[in-house]
Protein chains: 2
Amino acid sequence: MTLPERTVERLSEYRRSLLQCLEEGKTHIFSHELADLHHNTAVQVRRDIMFIGYTSMQRKGYDLRELVDVIGDILDSERGLNVAVIGIGNLGKAVTTYFVGKRSKLNIIATFDVDTTKIDRVISGVKCYPLSRLKEVVEAQQISIAILTVPADSAAEVTAQLVEADIKGLMNFTTVPLNVPPEIYLDEFDMITSLEKVAYFVKSPQN
Amino acid sequence: MTLPERTVERLSEYRRSLLQCLEEGKTHIFSHELADLHHNTAVQVRRDIMFIGYTSMQRKGYDLRELVDVIGDILDSERGLNVAVIGIGNLGKAVTTYFVGKRSKLNIIATFDVDTTKIDRVISGVKCYPLSRLKEVVEAQQISIAILTVPADSAAEVTAQLVEADIKGLMNFTTVPLNVPPEIYLDEFDMITSLEKVAYFVKSPQN
DNA sequence: AAAATATTGTTAATTAAATCACAGATTCAA
DNA sequence: TTGAATCTGTGATTTAATTAACAATATTTT
(Lines give C-alpha, C1' and ligand atoms only; values in the text may rest on other atoms or scores of the structure.)
Protein backbone atom coordinates (compact mmCIF):
# COMPACT_ATOMS: atom_id res chain seq x y z
CA MET A 1 0.00 0.00 0.00
CA THR A 2 1.52 3.32 -1.01
CA LEU A 3 0.33 6.62 0.31
CA PRO A 4 -1.02 9.55 -1.69
CA GLU A 5 1.79 11.87 -2.70
CA ARG A 6 0.33 14.83 -0.84
CA THR A 7 -0.04 12.79 2.31
CA VAL A 8 3.64 11.86 2.18
CA GLU A 9 4.53 15.53 1.89
CA ARG A 10 2.35 16.51 4.78
CA LEU A 11 3.64 13.71 7.01
CA SER A 12 7.15 15.04 6.51
CA GLU A 13 5.96 18.46 7.57
CA TYR A 14 3.95 17.18 10.50
CA ARG A 15 6.93 15.30 11.82
CA ARG A 16 9.02 18.42 12.12
CA SER A 17 6.26 20.26 13.96
CA LEU A 18 5.79 17.30 16.25
CA LEU A 19 9.47 17.16 17.10
CA GLN A 20 9.33 20.86 17.81
CA CYS A 21 6.41 20.32 20.19
CA LEU A 22 8.27 17.50 21.92
CA GLU A 23 11.20 19.81 22.53
CA GLU A 24 8.83 22.27 24.10
CA GLY A 25 7.80 19.59 26.56
CA LYS A 26 4.37 18.75 25.16
CA THR A 27 3.29 15.12 25.11
CA HIS A 28 0.05 15.14 23.13
CA ILE A 29 -1.49 17.14 20.30
CA PHE A 30 -5.00 17.43 18.88
CA SER A 31 -5.67 17.20 15.19
CA HIS A 32 -6.83 20.80 15.05
CA GLU A 33 -3.66 21.98 16.78
CA LEU A 34 -1.49 20.21 14.26
CA ALA A 35 -3.66 21.57 11.48
CA ASP A 36 -3.22 25.10 12.75
CA LEU A 37 0.55 24.73 12.61
CA HIS A 38 0.27 24.07 8.89
CA HIS A 39 -2.10 25.46 6.30
CA ASN A 40 -4.48 22.73 6.89
CA THR A 41 -7.70 21.43 8.41
CA ALA A 42 -8.24 19.01 11.27
CA VAL A 43 -10.01 16.55 8.98
CA GLN A 44 -7.09 16.47 6.63
CA VAL A 45 -4.73 15.76 9.50
CA ARG A 46 -6.91 12.94 10.77
CA ARG A 47 -7.23 11.51 7.28
CA ASP A 48 -3.45 11.56 6.82
CA ILE A 49 -2.92 9.87 10.16
CA MET A 50 -5.58 7.32 9.30
CA PHE A 51 -3.56 6.41 6.18
CA ILE A 52 -0.60 5.40 8.29
CA GLY A 53 -2.81 3.37 10.59
CA TYR A 54 -2.11 5.19 13.81
CA THR A 55 -4.89 5.76 16.30
CA SER A 56 -4.84 7.96 19.32
CA MET A 57 -6.19 7.69 22.80
CA GLN A 58 -9.67 9.03 22.27
CA ARG A 59 -10.08 12.60 23.44
CA LYS A 60 -6.46 12.97 24.59
CA GLY A 61 -5.09 13.77 21.18
CA TYR A 62 -2.17 12.03 19.53
CA ASP A 63 0.84 10.94 21.56
CA LEU A 64 3.69 12.97 20.10
CA ARG A 65 6.41 10.40 20.62
CA GLU A 66 4.37 7.54 19.19
CA LEU A 67 3.20 9.54 16.21
CA VAL A 68 6.73 10.68 15.37
CA ASP A 69 7.85 7.07 15.48
CA VAL A 70 5.04 5.82 13.28
CA ILE A 71 5.76 8.53 10.71
CA GLY A 72 9.41 7.51 10.87
CA ASP A 73 8.47 3.90 10.16
CA ILE A 74 6.65 5.06 7.06
CA LEU A 75 9.04 7.68 5.70
CA ASP A 76 12.46 6.46 6.72
CA SER A 77 14.48 3.58 5.44
CA GLU A 78 15.77 1.31 8.14
CA ARG A 79 19.41 2.03 7.39
CA GLY A 80 19.04 5.50 5.91
CA LEU A 81 19.78 6.54 2.35
CA ASN A 82 22.89 8.12 0.94
CA VAL A 83 22.53 11.29 -1.08
CA ALA A 84 24.81 13.23 -3.42
CA VAL A 85 24.58 16.85 -4.51
CA ILE A 86 25.61 17.38 -8.09
CA GLY A 87 26.93 20.89 -8.72
CA ILE A 88 28.08 22.73 -5.65
CA GLY A 89 27.34 26.35 -6.56
CA ASN A 90 25.13 28.60 -4.48
CA LEU A 91 22.10 26.36 -4.73
CA GLY A 92 24.04 23.18 -4.09
CA LYS A 93 25.64 24.74 -1.05
CA ALA A 94 22.28 25.94 0.23
CA VAL A 95 20.76 22.48 -0.01
CA THR A 96 23.78 20.80 1.52
CA THR A 97 23.90 23.22 4.41
CA TYR A 98 20.22 22.57 5.12
CA PHE A 99 20.95 18.92 5.71
CA VAL A 100 24.34 18.53 7.27
CA GLY A 101 24.22 18.41 11.03
CA LYS A 102 20.51 17.55 11.04
CA ARG A 103 20.00 14.11 12.47
CA SER A 104 18.20 12.46 9.63
CA LYS A 105 18.02 9.22 7.73
CA LEU A 106 19.12 11.10 4.64
CA ASN A 107 22.87 11.53 4.57
CA ILE A 108 24.50 13.84 2.08
CA ILE A 109 27.84 12.13 1.80
CA ALA A 110 29.27 13.50 -1.43
CA THR A 111 29.12 16.49 -3.71
CA PHE A 112 30.33 16.68 -7.28
CA ASP A 113 31.52 19.52 -9.46
CA VAL A 114 33.64 20.26 -12.52
CA ASP A 115 35.39 23.25 -10.97
CA THR A 116 38.90 22.04 -10.20
CA THR A 117 39.33 24.59 -7.40
CA LYS A 118 36.53 22.84 -5.50
CA ILE A 119 37.53 19.27 -6.05
CA ASP A 120 38.85 17.32 -3.06
CA ARG A 121 37.91 20.16 -0.75
CA VAL A 122 35.24 19.89 1.93
CA ILE A 123 32.41 22.27 1.07
CA SER A 124 29.48 22.86 3.40
CA GLY A 125 30.79 19.96 5.40
CA VAL A 126 30.86 17.42 2.58
CA LYS A 127 33.68 16.30 0.34
CA CYS A 128 33.61 17.40 -3.29
CA TYR A 129 34.55 14.92 -6.02
CA PRO A 130 35.21 15.55 -9.70
CA LEU A 131 32.19 14.82 -11.85
CA SER A 132 34.32 12.40 -13.84
CA ARG A 133 34.32 10.07 -10.85
CA LEU A 134 30.53 10.12 -10.49
CA LYS A 135 29.76 6.52 -11.33
CA GLU A 136 32.66 5.14 -9.34
CA VAL A 137 31.82 7.09 -6.18
CA VAL A 138 28.07 6.50 -6.42
CA GLU A 139 28.67 2.78 -6.58
CA ALA A 140 31.36 2.66 -3.92
CA GLN A 141 29.37 4.73 -1.45
CA GLN A 142 26.00 3.25 -2.31
CA ILE A 143 24.41 6.58 -3.10
CA SER A 144 20.80 6.16 -4.15
CA ILE A 145 19.54 9.73 -4.42
CA ALA A 146 20.97 12.66 -6.36
CA ILE A 147 20.13 16.32 -6.05
CA LEU A 148 20.79 18.10 -9.30
CA THR A 149 21.93 21.71 -8.95
CA VAL A 150 24.09 22.17 -12.01
CA PRO A 151 23.71 24.95 -14.61
CA ALA A 152 20.93 24.40 -17.14
CA ASP A 153 23.26 23.70 -20.05
CA SER A 154 24.84 20.67 -18.43
CA ALA A 155 21.69 19.22 -16.86
CA ALA A 156 20.84 16.73 -19.60
CA GLU A 157 24.39 15.47 -19.91
CA VAL A 158 24.84 14.99 -16.16
CA THR A 159 21.47 13.28 -15.90
CA ALA A 160 22.56 10.71 -18.44
CA GLN A 161 25.56 9.99 -16.26
CA LEU A 162 23.36 9.64 -13.19
CA VAL A 163 21.15 7.15 -14.98
CA GLU A 164 24.27 5.31 -16.03
CA ALA A 165 25.42 5.29 -12.40
CA ASP A 166 22.14 3.60 -11.52
CA ILE A 167 20.78 6.23 -9.20
CA LYS A 168 17.31 5.43 -7.77
CA GLY A 169 15.82 8.87 -7.15
CA LEU A 170 16.51 12.31 -8.54
CA MET A 171 15.53 15.74 -7.30
CA ASN A 172 15.92 18.22 -10.15
CA PHE A 173 16.45 21.86 -9.27
CA THR A 174 17.43 22.93 -12.75
CA THR A 175 14.92 24.58 -15.03
CA VAL A 176 15.38 21.88 -17.64
CA PRO A 177 12.79 19.09 -17.77
CA LEU A 178 14.67 15.81 -17.56
CA ASN A 179 14.05 12.46 -19.11
CA VAL A 180 14.82 9.45 -17.01
CA PRO A 181 13.63 5.86 -17.25
CA PRO A 182 10.44 5.19 -15.31
CA GLU A 183 12.10 3.12 -12.61
CA ILE A 184 13.90 6.24 -11.38
CA TYR A 185 11.75 8.44 -9.19
CA LEU A 186 11.98 12.01 -10.39
CA ASP A 187 10.82 15.13 -8.63
CA GLU A 188 11.32 18.54 -10.16
CA PHE A 189 11.27 21.96 -8.65
CA ASP A 190 11.36 24.86 -11.03
CA MET A 191 11.96 28.26 -9.44
CA ILE A 192 10.94 30.23 -12.45
CA THR A 193 7.62 28.43 -12.66
CA SER A 194 6.99 28.91 -8.94
CA LEU A 195 7.63 32.58 -9.14
CA GLU A 196 5.57 33.04 -12.28
CA LYS A 197 2.75 31.25 -10.54
CA VAL A 198 2.94 33.60 -7.59
CA ALA A 199 2.92 36.52 -10.01
CA TYR A 200 -0.15 35.16 -11.81
CA PHE A 201 -2.15 34.72 -8.63
CA VAL A 202 -1.06 38.09 -7.31
CA LYS A 203 -2.37 39.58 -10.51
CA SER A 204 -5.56 37.51 -10.65
CA PRO A 205 -6.68 36.60 -7.14
CA GLN A 206 -8.86 33.52 -6.86
CA ASN A 207 -11.92 34.90 -5.20
CA MET B 1 -11.94 33.34 -15.13
CA THR B 2 -8.89 31.98 -13.33
CA LEU B 3 -6.93 29.01 -14.52
CA PRO B 4 -6.27 25.77 -12.64
CA GLU B 5 -3.08 26.03 -10.63
CA ARG B 6 -1.40 23.17 -12.44
CA THR B 7 -2.24 24.69 -15.78
CA VAL B 8 -0.55 27.93 -14.76
CA GLU B 9 2.56 25.99 -13.82
CA ARG B 10 2.64 24.11 -17.07
CA LEU B 11 2.09 27.23 -19.15
CA SER B 12 5.17 28.75 -17.56
CA GLU B 13 7.12 25.66 -18.49
CA TYR B 14 5.71 25.48 -22.00
CA ARG B 15 6.69 29.05 -22.67
CA ARG B 16 10.32 28.40 -22.01
CA SER B 17 10.34 25.39 -24.31
CA LEU B 18 8.56 27.38 -26.97
CA LEU B 19 11.08 30.21 -26.80
CA GLN B 20 13.81 27.64 -27.08
CA CYS B 21 12.19 26.22 -30.21
CA LEU B 22 11.85 29.69 -31.69
CA GLU B 23 15.56 30.26 -31.20
CA GLU B 24 16.21 27.06 -33.06
CA GLY B 25 14.29 28.47 -36.01
CA LYS B 26 11.12 26.44 -35.70
CA THR B 27 7.81 28.20 -36.37
CA HIS B 28 5.19 25.63 -35.36
CA ILE B 29 4.85 22.82 -32.86
CA PHE B 30 2.40 19.94 -32.44
CA SER B 31 0.79 19.18 -29.12
CA HIS B 32 2.56 15.85 -28.91
CA GLU B 33 5.92 17.48 -29.53
CA LEU B 34 5.38 19.96 -26.73
CA ALA B 35 4.17 17.13 -24.51
CA ASP B 36 7.33 15.15 -25.20
CA LEU B 37 9.46 18.07 -24.07
CA HIS B 38 7.79 17.89 -20.69
CA HIS B 39 6.53 14.92 -18.71
CA ASN B 40 3.19 15.19 -20.24
CA THR B 41 0.60 13.99 -22.72
CA ALA B 42 -0.66 15.63 -25.87
CA VAL B 43 -4.20 15.82 -24.50
CA GLN B 44 -3.01 17.66 -21.44
CA VAL B 45 -1.19 20.17 -23.60
CA ARG B 46 -4.24 20.75 -25.75
CA ARG B 47 -6.45 21.08 -22.69
CA ASP B 48 -4.09 23.65 -21.20
CA ILE B 49 -4.02 25.63 -24.41
CA MET B 50 -7.78 25.39 -24.64
CA PHE B 51 -7.99 27.07 -21.22
CA ILE B 52 -6.20 30.13 -22.52
CA GLY B 53 -8.44 30.26 -25.56
CA TYR B 54 -5.82 29.88 -28.24
CA THR B 55 -6.53 27.78 -31.31
CA SER B 56 -4.08 26.65 -33.89
CA MET B 57 -4.18 26.33 -37.61
CA GLN B 58 -5.60 22.85 -37.96
CA ARG B 59 -3.00 20.25 -38.75
CA LYS B 60 -0.09 22.69 -38.81
CA GLY B 61 0.40 22.69 -35.07
CA TYR B 62 0.58 25.78 -32.91
CA ASP B 63 2.28 28.93 -34.14
CA LEU B 64 5.17 29.35 -31.72
CA ARG B 65 5.25 33.13 -31.78
CA GLU B 66 1.50 33.50 -31.29
CA LEU B 67 1.35 30.92 -28.54
CA VAL B 68 4.22 32.54 -26.65
CA ASP B 69 2.41 35.86 -26.87
CA VAL B 70 -0.90 34.46 -25.67
CA ILE B 71 0.79 32.78 -22.70
CA GLY B 72 2.47 36.11 -21.98
CA ASP B 73 -0.90 37.85 -21.97
CA ILE B 74 -2.09 35.39 -19.37
CA LEU B 75 0.94 35.10 -17.13
CA ASP B 76 2.56 38.49 -17.31
CA SER B 77 1.48 41.78 -15.87
CA GLU B 78 1.42 44.59 -18.36
CA ARG B 79 4.09 46.56 -16.59
CA GLY B 80 5.93 43.74 -14.88
CA LEU B 81 6.20 43.12 -11.15
CA ASN B 82 8.95 44.09 -8.77
CA VAL B 83 10.42 41.39 -6.58
CA ALA B 84 12.66 41.40 -3.52
CA VAL B 85 14.79 38.60 -2.11
CA ILE B 86 14.88 38.55 1.66
CA GLY B 87 18.05 37.00 3.01
CA ILE B 88 20.95 36.89 0.61
CA GLY B 89 22.79 33.76 1.72
CA ASN B 90 23.53 30.87 -0.61
CA LEU B 91 19.91 30.23 -1.44
CA GLY B 92 19.07 33.90 -1.91
CA LYS B 93 22.03 34.31 -4.21
CA ALA B 94 21.06 31.24 -6.20
CA VAL B 95 17.54 32.51 -6.77
CA THR B 96 18.71 36.01 -7.61
CA THR B 97 21.29 34.75 -10.07
CA TYR B 98 18.64 32.66 -11.81
CA PHE B 99 16.67 35.78 -12.60
CA VAL B 100 19.03 38.65 -13.23
CA GLY B 101 19.87 39.09 -16.86
CA LYS B 102 16.85 37.05 -17.97
CA ARG B 103 14.46 39.25 -19.88
CA SER B 104 11.34 38.78 -17.84
CA LYS B 105 8.41 40.66 -16.45
CA LEU B 106 9.62 39.76 -12.98
CA ASN B 107 12.33 42.13 -11.85
CA ILE B 108 14.36 41.39 -8.77
CA ILE B 109 15.25 44.93 -7.80
CA ALA B 110 16.27 44.62 -4.17
CA THR B 111 17.70 42.18 -1.67
CA PHE B 112 17.65 42.50 2.09
CA ASP B 113 19.86 41.12 4.82
CA VAL B 114 20.93 41.76 8.38
CA ASP B 115 24.62 41.12 7.72
CA THR B 116 26.26 44.55 7.80
CA THR B 117 29.09 43.43 5.54
CA LYS B 118 26.55 42.87 2.75
CA ILE B 119 24.50 45.98 3.15
CA ASP B 120 24.80 48.60 0.42
CA ARG B 121 26.81 46.24 -1.72
CA VAL B 122 25.60 44.84 -5.02
CA ILE B 123 25.23 41.07 -4.68
CA SER B 124 24.38 38.85 -7.64
CA GLY B 125 23.71 42.05 -9.54
CA VAL B 126 21.18 43.51 -7.12
CA LYS B 127 21.62 46.04 -4.33
CA CYS B 128 21.36 44.80 -0.77
CA TYR B 129 19.48 46.86 1.80
CA PRO B 130 19.36 46.47 5.57
CA LEU B 131 16.32 44.57 6.72
CA SER B 132 15.44 47.51 8.92
CA ARG B 133 14.58 49.51 5.79
CA LEU B 134 12.25 46.81 4.44
CA LYS B 135 8.97 48.66 4.62
CA GLU B 136 10.40 51.90 3.34
CA VAL B 137 12.10 50.33 0.31
CA VAL B 138 9.18 48.04 -0.53
CA GLU B 139 6.89 51.02 -0.66
CA ALA B 140 9.25 53.33 -2.49
CA GLN B 141 10.11 50.77 -5.15
CA GLN B 142 6.62 49.29 -5.39
CA ILE B 143 7.75 45.77 -4.68
CA SER B 144 4.83 43.38 -4.73
CA ILE B 145 6.47 39.95 -4.38
CA ALA B 146 8.97 38.73 -1.80
CA ILE B 147 11.12 35.62 -1.89
CA LEU B 148 11.94 34.48 1.60
CA THR B 149 15.34 32.83 2.00
CA VAL B 150 16.25 33.71 5.55
CA PRO B 151 17.27 31.21 8.26
CA ALA B 152 14.41 29.32 9.87
CA ASP B 153 14.62 31.12 13.18
CA SER B 154 13.94 34.54 11.72
CA ALA B 155 11.28 33.48 9.20
CA ALA B 156 8.23 34.27 11.30
CA GLU B 157 9.56 37.64 12.41
CA VAL B 158 10.51 38.73 8.89
CA THR B 159 7.17 37.55 7.53
CA ALA B 160 5.36 39.80 9.96
CA GLN B 161 7.39 42.70 8.59
CA LEU B 162 6.54 41.72 5.03
CA VAL B 163 2.85 41.67 5.87
CA GLU B 164 3.30 45.05 7.49
CA ALA B 165 4.99 46.30 4.32
CA ASP B 166 1.89 45.23 2.39
CA ILE B 167 3.51 42.70 0.12
CA LYS B 168 1.08 40.96 -2.28
CA GLY B 169 2.72 37.61 -2.86
CA LEU B 170 5.24 35.54 -0.97
CA MET B 171 7.40 32.61 -2.01
CA ASN B 172 8.62 30.84 1.11
CA PHE B 173 11.81 28.80 0.84
CA THR B 174 12.26 28.36 4.54
CA THR B 175 11.19 25.16 6.25
CA VAL B 176 8.87 27.04 8.56
CA PRO B 177 5.16 27.13 7.66
CA LEU B 178 4.12 30.76 7.57
CA ASN B 179 0.91 32.46 8.50
CA VAL B 180 -0.15 35.35 6.34
CA PRO B 181 -3.56 36.95 5.85
CA PRO B 182 -5.58 35.36 3.05
CA GLU B 183 -5.24 38.31 0.68
CA ILE B 184 -1.53 37.56 0.35
CA TYR B 185 -0.79 34.75 -2.07
CA LEU B 186 1.59 32.30 -0.45
CA ASP B 187 3.54 29.52 -2.08
CA GLU B 188 5.88 27.34 -0.09
CA PHE B 189 8.69 25.12 -1.15
CA ASP B 190 10.18 22.90 1.47
CA MET B 191 13.40 21.16 0.53
CA ILE B 192 13.33 18.71 3.38
CA THR B 193 9.85 17.57 2.46
CA SER B 194 10.78 17.22 -1.21
CA LEU B 195 13.76 15.12 -0.41
CA GLU B 196 11.90 12.97 2.08
CA LYS B 197 9.27 12.40 -0.54
CA VAL B 198 11.87 11.24 -3.05
CA ALA B 199 13.27 8.93 -0.40
CA TYR B 200 9.83 7.48 0.33
CA PHE B 201 9.08 6.72 -3.30
CA VAL B 202 12.54 5.32 -3.89
CA LYS B 203 11.89 2.98 -1.00
CA SER B 204 8.30 2.12 -1.98
CA PRO B 205 7.89 2.36 -5.75
CA GLN B 206 4.36 2.98 -6.97
CA ASN B 207 3.80 0.01 -9.22
C1' DA C 1 -25.23 9.38 36.96
C1' DA C 2 -27.28 11.97 33.38
C1' DA C 3 -26.43 15.58 30.20
C1' DA C 4 -23.38 18.42 27.71
C1' DT C 5 -19.04 18.78 25.43
C1' DA C 6 -14.98 17.66 22.77
C1' DT C 7 -12.49 14.75 19.82
C1' DT C 8 -11.59 10.89 16.84
C1' DG C 9 -12.26 7.68 12.84
C1' DT C 10 -14.62 6.87 8.77
C1' DT C 11 -18.36 6.79 5.15
C1' DA C 12 -20.26 9.62 1.85
C1' DA C 13 -20.20 13.73 -1.07
C1' DT C 14 -17.76 17.12 -3.49
C1' DT C 15 -14.25 19.28 -6.08
C1' DA C 16 -10.14 19.37 -8.92
C1' DA C 17 -7.29 17.26 -12.25
C1' DA C 18 -6.25 14.00 -15.70
C1' DT C 19 -7.57 10.86 -19.28
C1' DC C 20 -10.54 8.71 -22.73
C1' DA C 21 -12.90 8.83 -26.84
C1' DC C 22 -14.27 10.73 -30.86
C1' DA C 23 -16.14 14.22 -34.34
C1' DG C 24 -14.32 17.60 -37.43
C1' DA C 25 -10.74 19.59 -40.26
C1' DT C 26 -6.82 19.27 -43.05
C1' DT C 27 -3.32 17.06 -45.54
C1' DC C 28 -1.30 13.35 -48.13
C1' DA C 29 -1.29 9.31 -51.19
C1' DA C 30 -2.94 6.84 -54.94
C1' DT D 1 -11.07 12.93 -56.17
C1' DT D 2 -11.59 9.37 -53.08
C1' DG D 3 -9.70 7.21 -49.10
C1' DA D 4 -6.41 6.90 -45.48
C1' DA D 5 -3.87 9.34 -42.14
C1' DT D 6 -2.96 13.01 -38.85
C1' DC D 7 -3.94 16.40 -35.61
C1' DT D 8 -7.04 19.50 -32.92
C1' DG D 9 -10.83 20.69 -29.70
C1' DT D 10 -13.92 19.17 -26.44
C1' DG D 11 -17.83 16.41 -24.10
C1' DA D 12 -17.85 12.46 -21.13
C1' DT D 13 -15.52 9.61 -17.88
C1' DT D 14 -12.26 8.37 -14.48
C1' DT D 15 -9.10 9.10 -10.86
C1' DA D 16 -7.12 11.67 -7.04
C1' DA D 17 -7.64 14.74 -3.33
C1' DT D 18 -10.33 17.31 -0.23
C1' DT D 19 -14.22 18.34 2.57
C1' DA D 20 -18.63 17.40 4.86
C1' DA D 21 -21.21 14.86 7.98
C1' DC D 22 -21.81 12.13 11.73
C1' DA D 23 -21.61 7.93 14.86
C1' DA D 24 -18.72 6.37 18.53
C1' DT D 25 -16.18 7.31 22.59
C1' DA D 26 -14.11 9.59 26.29
C1' DT D 27 -14.23 13.54 29.44
C1' DT D 28 -16.28 17.18 32.10
C1' DT D 29 -20.08 19.41 34.28
C1' DT D 30 -24.08 19.56 36.89
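So you know, we letter chains A, B, ... as the sequences are listed, proteins then strands, and number each from 1. Every value quoted in this text rests on a predicted model; they were computed, and no experiment measured them.
The side chain of B:S56 lies closest to D:dG9, out of C:dA17, D:dG9, D:dC7. Of the candidates D:dA20, D:dC7, C:dA18, the closest approach to any side-chain atom of A:V43 belongs to D:dA20. Checking D:dC7, C:dC20, D:dA17 against the side-chain heavy atoms of A:P4 singles out D:dA17 as nearest. Of the candidates C:dG9, C:dT7, C:dA18, the closest approach to any side-chain atom of B:Q44 belongs to C:dA18.
Residues B:A35 and B:A42 come closest through the heavy atom pair CB-N, 3.5 Å. Between B:V202 and A:G169, the closest heavy-atom pair is CG2-CA, 3.5 Å.
A straight line from CE of A:M50 to C1' of C:dT8 spans 12 Å, rounded to a whole angstrom. As rounded to whole Å, 10 Å separates atom P of D:dG9 from atom CG of B:L67. Between the P atom of C:dG9 and the CZ atom of A:F30 lies a distance of 12 Å, rounded to the nearest Å. Rounded to whole Å, the distance from CD1 on B:I52 to P on D:dT10 is 13 Å. For the pair A:M57 CE and C:dG9 P, the interatomic distance rounds to 12 Å; values are reported in whole Å. Distance, A:E5 CD to C:dA16 P: 19 Å, rounded to whole Å. In this structure, B:I49 atom CD1 and D:dT10 atom C1' are separated by 14 Å, rounded to whole Å. Atom pair A:R46:CZ and C:dA6:P shows a separation of 15 Å (rounding to whole Å applied).
Within the structure, every side-chain polar atom (N or O) of A:Q58 is placed at least 4.0 Å from both OP1 and OP2 of C:dT7. In this model, the phosphate group of D:dC7 is not approached by any side-chain N or O of B:S31 to a distance below 4.0 Å at OP1 or OP2. Within the structure, every side-chain polar atom (N or O) of A:T7 is placed at least 4.0 Å from both OP1 and OP2 of D:dA17. Residue A:R6 places at least one side-chain N or O closer than 4.0 Å to OP1 or OP2 of D:dT18. Distances shorter than 4.0 Å separate none of the side-chain N or O atoms of B:T41 from OP1 or OP2 on C:dA18. Contact annotation: B:K60 side-chain N/O to C:dT27 OP1/OP2 distance is under 4.0 Å.
Taking the six-membered ring where tryptophan is involved, the planes of A:F173 and A:F189 are perpendicular, since the angle between them exceeds 60° and thus also 30°.
Sequence order on DNA chain D of the closest nucleotides to B:A42 and B:R47 puts B:A42 first from the 5' end.
Using a 4.0 Å cut-off between charged nitrogen and carboxylate oxygen, B:R10 and B:E13 do not count as a salt-bridge pair.
Residue A:T55 is in sugar-phosphate contact alone, with no base atom involved, counting any heavy-atom pair closer than 4.0 Å across all strands shown. The residue A:F51 sits apart from the nucleic acid: no heavy atom pair falls under 4.0 Å.
A:T175 meets the side-chain contact (heavy atoms from CB on, under 4.5 Å) test with A:A152, A:D190, A:I192, B:R16, B:Y98; sequence neighbours excluded.
Between the side chain of A:R59 and the base of D:dT25 there is no donor-acceptor pair of N/O atoms closer than 3.5 Å.
Here the options are A:N40, A:T41, A:V45, the test is side chain to side chain contact (heavy atoms under 4.5 Å, CB included), and the partner is A:V43; only A:T41 passes.
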